[in-house]
Amino acid sequence: MTDKLSIEIDGRVCEASPGEMIIAVADREGIAIPRFCYHKKLSIAANCRMCLVEAEQGGRPFPKPVPACATPVAAGMKVLTRSPKALEAQRGTMEFLLINHPLDCPICDQGGECELQDVAMGYGGDVSRYSEGKRVVKDEDLGPLVATDMTRCIHCTRCVRFGAEIAGVRELGATGRGEDMRIGTFVAHTLTHELSGNIIDLCPVGALTSKPFRFKARSWELTQAEGIAPHDAVGSNLHLHLRGNQVMRVHPKDNEAVNETWISDRDRFSYEGLASPDRLTEPMIKEDGAWRPIGWQDALIRVAERLKTASADQIGTLIAPTATLEEMYLAQKLTRGLGATAVDSRLRQQDFRGDAADPPLPWLGVPIAELETRDAVLLIGSDIRQEQPLLAHRLRKAALGGAGIVLVNPLPLELTFPAQQLVTSAAGMLGELAAIAKALRKRGSGSVKDLIAQANPTDRHTSAAERLKAAGTERSGLILLGALAAAHPDYTLLKALAYVIAEATGSTVGYLPLAANSAGAYLAGALPHVLPGARPGEAIGADARAMLVTARKAYVLWGVEPSYDFANPSLAATALGSADLVVAATAFRAPSLEAVADLMLPIAAFAETSGTFVNAEGTWQRFQGAVAPPGEARPGWKVLRVLGNLCDLPGFEYADSGEIHQELATLCAEVRPDNAPRGDLKVEPSLAEAGLMRVGTLPIYRTDPLVRRAAALQRTPGADVFAVGLNPALAADVGLADGELAVIRQGKAEARAAVVLDAALPPDVALIPSGVTGSEALGEQIGPVAVAKA
Amino acid sequence: MVEDQNSVCFRTLHLKEPWALASYRSVGGYAQWEKILKEKTDPAKIIDELKLSALRGRGGAGFPTGLKWSFMPRSAPGQKYIVCNSDEGEPGTCKDRDILRYNPHQLIEGMAIAGYCIGATVGYNYIRGEFYEPIDRFEAALKEAYEAGLIGKDIQGSGVDFDLYTHCGAGAYICGEETALLESIEGKKGQPRFKPPFPAQFGLYGRPTTINNTESLASVPVILEKGGQWFLEQGRPNNGGPKLFSVTGHVERPDNFEVPLGTPFKDLLAMAGGVKGGKRLKAVIPGGSSVPVVPGDLMLQTDMDYDSIAKAGSMLGSGAVIVIAEGTCMVKVLANLAHFYAHESCGQCTPCREGTGWLARVLHRILNGQGRPQDIDLLDGVAGRIGGRTICALGDAAAMPVQSFLQHYRHEFEYMVEHGGRSLAEAA
Ligand SMILES: Cc1cc2nc3c(=O)[nH]c(=O)nc-3n(C[C@H](O)[C@H](O)[C@H](O)COP(=O)(O)O)c2cc1C
Ligand code: SF4
Ligand code: FES
């Protein structure tokens with residue numbers, strides 16, 4: 001690396017790297033230079049002119065004030081940020097910024113946390129010299145998430161650059177010249193990018209603000225707490241802004257290693273679900289088909305008694321992958337304490353044949369921040385932007401840096417980066433991977449061997465193979481298995497092929513854990529084949545599917561909504577409906593729960609309980625409860641602790657969740673994330689090559705009970721749309737036209753939805769989302785389906 | 001009278017159909033290009049000749065052309081571009097238009113030579129969109145040149161490639177600023193880029209690019225034919241060659257004149273038939289609307305070259321000489337100019353976006369009889385807060401007229417403020 005150099009800012013000697021801008025050095029030194037357009041994550045625009053400073057080089061002063069954000073340092077440079085000349089330049093800019101600004105701070109949501117307001121305090125005049133008419137700009141409707149007051153815009157173009165550079169979709173742009181320059185969509189449209197809410201934080205003024213938060217509170221009424229996002233496996237760090245006992249809004253907390261400065265819209269706006277009218281606020285019991293409240297004491301005694309009397313092999317515990325580590329740990333401890341072995345949190349998985357060979361602690365394979373430095377990534381079965389928005393952003397960075405990204409998926413994706421998409425039927429995904437393996441001259445063993453033998457690699461496979469191989473020599477090739485792979489009926493074989501390709505190319509295999517704590521389930525032992533501390537279980541208990549295929553007499557559901565959270569909701573409804581006892585610990589009431597449950601226990605949701613999430617890279621992120629749960633609802637760990645006591649089980653005497661955390665942390669002290677399979681993944685393909693297959697994506701705002709109740713997110717376009725996507729040729733075969741109503745049949749399960757023709761879909765795929773309204777009665781997320789005219 | 005007129009860019013002007021290839025050939029056109037193709041002249045030698053000629057950029061800034069070409073990483077691998085700036089938006093300027101109309105081949109030859117020197121195999125000529133006839137003429141010339149095998153691939157078996165394209169502007173003055181022009185060619189909103197990096201490192205599509213004015217490029221073939229020394233001697237030291245002056249405003253015969261740099265202003269004025277109606281000369285804006293105004297008396301003692309005009313407190317700019325006769329209201333002139341800059345600011349820099357509109361509004365208010373005494377200092381102060389604080393020179397261009405008008409004609413502004421909008425100049 002080039003040597004450091006030294007410059008002087010306001011008389012202070014500062015070390016700097018060649019090429020660094022003055023403002024970056026000043027920021028590091030804590031020397032405040034006012035700015036609006038500069039943002040450390042965006043390209044330099046140097047257009048606001050707020051950061052003008054005086055500078056000299058080699059004893060020669062620059063003739064004009066220079067923008068600190070765009071002036072690279074040079075050895076011996078002297079910078080004055082508060083000299084009379086610098087201040088006059090900064091005040092000049094401030095005056096210009098304010099002349100056309102409405103100064104409507106009292107009715108502006110940004111008031112109190114406005115960069116313009118703050119800087120104006122330091123550099124603005126008391127009285128305006130401007131007495132002409134002010135500019136008024138018409139607002140635009142950007143959809144349910146971002147409110148606009150474009151008259152307040154100061155044209156810093158941060159939002160525009162965000163779209164172009166970070167999101168990869170130019171949702172906003174500048175039109176018009178001079179005073180008529182406008183920031184807008186040009187052709188009116190709603191913001192749909194999964195990261196678009198970040199422009200609210202980027203906007204230094206009140207031009208772009210949060211629509212759900214609009215007029216709900218003033219910033220100075222809010223207190224700040226920290227949190228961890230409860231949806232995807234990134235575990236974005238959050239600032240929760242509270243008023244009284246309410247989460248009023250959510251902002252990102254910088255963490256370069258995890259979420260940088262961003263959060264997804266899902267993480268930002270899902271807090272709205274906390275205030276849903278569906279909240280369960282007291283324990284309830286169903287008697288003669290009617291629900292009535294019941295005190296905690298009563299409720300827990302009844303649950304304990306019935307669990308104690310149930311035969312252990314008849315108990316099944318199903319835990320949402322968004323449960324905290326502490327909840328997972330205690331739930332499995334309770335289950336296993338009762339002698340049962342059926343506990344699982346992989347509710348959306350169908351194929352568990354690989355469990356015996358499952359790696360001890362599957363993870364991303366590389367730290368999150370290193371995704372962007374990969375040279376080649378093969379993504380198997382992942383709708384990555386919907387599943388893990390910020391990991392998609394990291395992959396975008398890799399792709400823009402020249403990495404080769406190849407996707408094998410049963411549907412085409414709208415990506416924000418260049419990539420090669422191998423789109424095929426669900427069954428065909430095996431063939432695509434086998435073809436890549438064959439292009440690498442790999443034979444494989446078991447049924448993988450047959451698959452590879454039958455494969456016919458084309459140029460596309462050869463080039464994918466070569467990219468991975470080239471990257472492999474630098475140890476920077478990565479093969480990721482996503483949520484659509486995990487939901488695949490031949491997940492085991494997809495994994496097996498991934499390992500074959502990885503071995504042949506020197507690449508790393510990585511997993512995209514489905515949810516906020518899917519990785520934590522391995523540590524907590526919330527799995528039938530894994531004990532706490534990621535230790536392999538001696539006997540493998542019934543998995544999430546087996547528990548439903550062979551119905552139990554008693555189920556404990558933890559944070560689960562049966563109609564939306566299972567790979568096969570129809571199977572779940574049948575099995576749960578036939579049980580003698582279903583105990584549901586839940587933050588929300590839901591029809592599909594009330595239909596099958598006997599007792600509902602109200603537990604704390606996101607931000608209401610302390611706990612820990614383990615993210616995709618295996619980082620433990622502990623958080624505190626920021627607000628109290630509503631009504632009688634209690635943190636889940638407390639409920640489980642009391643249940644443990646009432647079941648007379650040892651080891652449930654925790655005073656606080658920290659003790660649970662500590663106990664588990666001790667068990668996990670030696671555990672390191674590890675993706676090496678522990679055995680062979682030898683199984684036969686279960687999917688027939690021919691026949692129509694349902695491919696059930698899980699739309700971004702339908703992933704868990706909280707986000708499904710976040711009102712604004714649900715109003716975004718396409719948030720909750722049930723439809724059948726068909727290739728036009730196939731639709732013509734069955735006589736269905738675009739927009740026509742179709743009957744969807746999966747075995748006995750049936751639903752109706754409108755047809756959407758999409759020529760980019762493989763001919764044997766019916767794209768039918770899961771988790772959405774209308775899909776409740778359907779069967780397997782990925783599995784055979786029949787579609788006919790209604 | 002000035003003797004040696006029309007010796008460089010207008011050297012075909014006396015011919016019938018001066019724009020035709022045959023006409024250009026008849027004055028020795030394309031001979032330099034063919035010679036270079038044959039002899040594979042060392043680009044460094046050509047650049048040295050340009051440096052010797054003291055050809056200064058004719059687009060406004062007057063930057064030495066030879067020096068500019070020498071900044072190009074000629075032998076670096078990858079695509080490089082030569083771009084001609086025929087946007088000609090500066091009020092008062094209409095010289096490039098006439099090069100395109102009457103001598104387009106000389107520009108093509110100049111661009112081809114430039115491309116050769118800087119290692120660019122592709123050129124763009126960005127022509128102001130309103131120039132219907134000049135665009136047609138240039139396109140026709142381009143076709144002739146391609147058909148005659150003067151440009152294209154492997155030109156005359158030399159192994160040298162040069163393709164040239166026309167790009168039409170869409171009516172924005174700012175697209176004449178060289179980096180906004182590049183953005184515009186790329187299909188983006190015409191906004192200047194922050195420099196550095198300069199176009200020679202990061203230009204069109206991110207590749208090394210040289211941008212020159214039409215007149216600068218069209219001068220090159222003649223410099224090579226007659227030698228850098230000859231060109232230098234046409235003008236003055238550090239101010240080589242003749243230059244095109246567009247003389248407009250209150251003159252009897254507004255026109256373009258190609259005369260040696262250093263020609264006394266009064267001679268140029270005489271060529272244009274003197275001040276209209278025999279009036280007294282009040283003031284001159286000697287280099288396009290963006291430069292400071294110079295009082296008439298001073299101007300009559302000044303010569304038309306970069307250094308002399310600078311000494312008179314202004315700039316030669318694009319060579320557009322706007323003549324203002326006695327009896328003209330300077331407040332109105334300035335209000336008109338201010339309106340132009342407010343309309344043409346690209347809008348990205350705060351001082352320019354907000355300040356140009358402010359200036360225009362205050363000036364219009366004064367014209368409407370609603371001026372206040374403090375407005376005059378306000379105008380000066382606002383202009384001072386724009387100038388030198390923006391990404392491109394449009395901010396300076398908007399500020400300098402204001403400051404210079406107030407410097408020389410402050411009393412006219414004061415009078416109008418005090419007299420409810422009545423003009424001192426027009427009353428006299
Ligand atoms: C606002 C603005 C407008 C300009 N318009 C033109 C123009 O119309 N034509 C031109 O040749 N140069 C124009 N320029 C100057 C160019 O940026 C650039 O300096 C010139 O094209 C370089 O060519 P030269 O070195 O041959 O003069 C303009 C500059 C500014 C700041
Ligand atoms: S000075 Fe004006 S025209 Fe030039 S870049 Fe800035 S805003 Fe645009
Ligand atoms: S922060 Fe430097 S110009 Fe905007």
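The chains referred to below are lettered A, B, ... by the order of the sequence lines, with proteins before strands, and numbering in each begins at 1. Note: hydrogens, waters and symmetry copies are ignored here, and every other heavy atom, side chains too, is used.
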| If you count heavy-atom pairs under 4.5 Å with chain A, which of B:Gly381, B:Ser345, B:Gly357 comes out on top? |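 The answer is B:Ser345.
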| message | For chain A, which candidate among B:Gln374, B:Arg372, B:Arg365, B:Gln191 shows the most heavy-atom pairs at distances under 4.5 Å? | response |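 Sorted descending by pairs with chain A, the first entry is B:Arg365.
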| query | Among A:Thr93, A:Ile154, A:Ile99, whose side chain to side chain contact (heavy atoms under 4.5 Å, CB included) with B:Thr350 holds? | reply |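 Looking at A:Thr93, A:Ile154, A:Ile99, the match for B:Thr350 under the side chain to side chain contact (heavy atoms under 4.5 Å, CB included) is A:Thr93.
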| request: Using a strict cut-off of less than 4.0 Å between a Lys/Arg side-chain nitrogen and an Asp/Glu carboxylate oxygen, indicate whether B:Arg353 and A:Glu179 qualify as a salt bridge. | output: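 Result for this pair is no, no salt bridge flagged.
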| Polar side-chain atom of A:Arg177 near backbone of B:Gly347 as donor-acceptor pair, under 3.5 Å |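 It does not hold such a pair.
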| message | Quick check for you: among A:Pro67, A:Pro72, A:Gly173, A:Ala70, which has the greatest number of heavy-atom pairs under 4.5 Å with chain B? | response |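 Top option by heavy-atom pairs under 4.5 Å: A:Ala70.
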| said: Tell me which of these, A:Ala46, A:Cys37, A:Ala45, has more heavy-atom pairs under 4.5 Å with chain B than the rest. | reply: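 The residue among A:Ala46, A:Cys37, A:Ala45 with the greatest pair count is A:Ala46.
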| task | May I ask you to list the residues in residues 76-84 of chain A that approach chain B closer than 4.5 angstrom, counting heavy atoms only, ordered by number? | result |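 At a heavy-atom separation under 4.5 Å, chain B is reached by no residue of residues 76-84 of chain A.
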| query | Which residues in residues 51-66 of chain A have any heavy atom lying under 4.5 Å from a heavy atom of chain B? | reply |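 Within residues 51-66 of chain A, near chain B: A:Leu52, A:Lys64, A:Pro65.
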Which atoms of [X] come close to chain B, meaning under 4.5 Å heavy atom to heavy atom: side chain ones, backbone ones, both, or neither?
X: A:Arg135; result: side chain
X: A:Thr157; result: neither
X: A:Ala174; result: both

| field | Toward chain A, the part of B:Leu394 with a non-hydrogen atom under 4.5 Å | value |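 No part of it gets close to chain A.
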| At a heavy-atom separation under 4.5 Å, does B:Asp396 approach chain A through its side chain, its backbone, both, or neither? |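 For B:Asp396, the side chain is the part near chain A, not the backbone.
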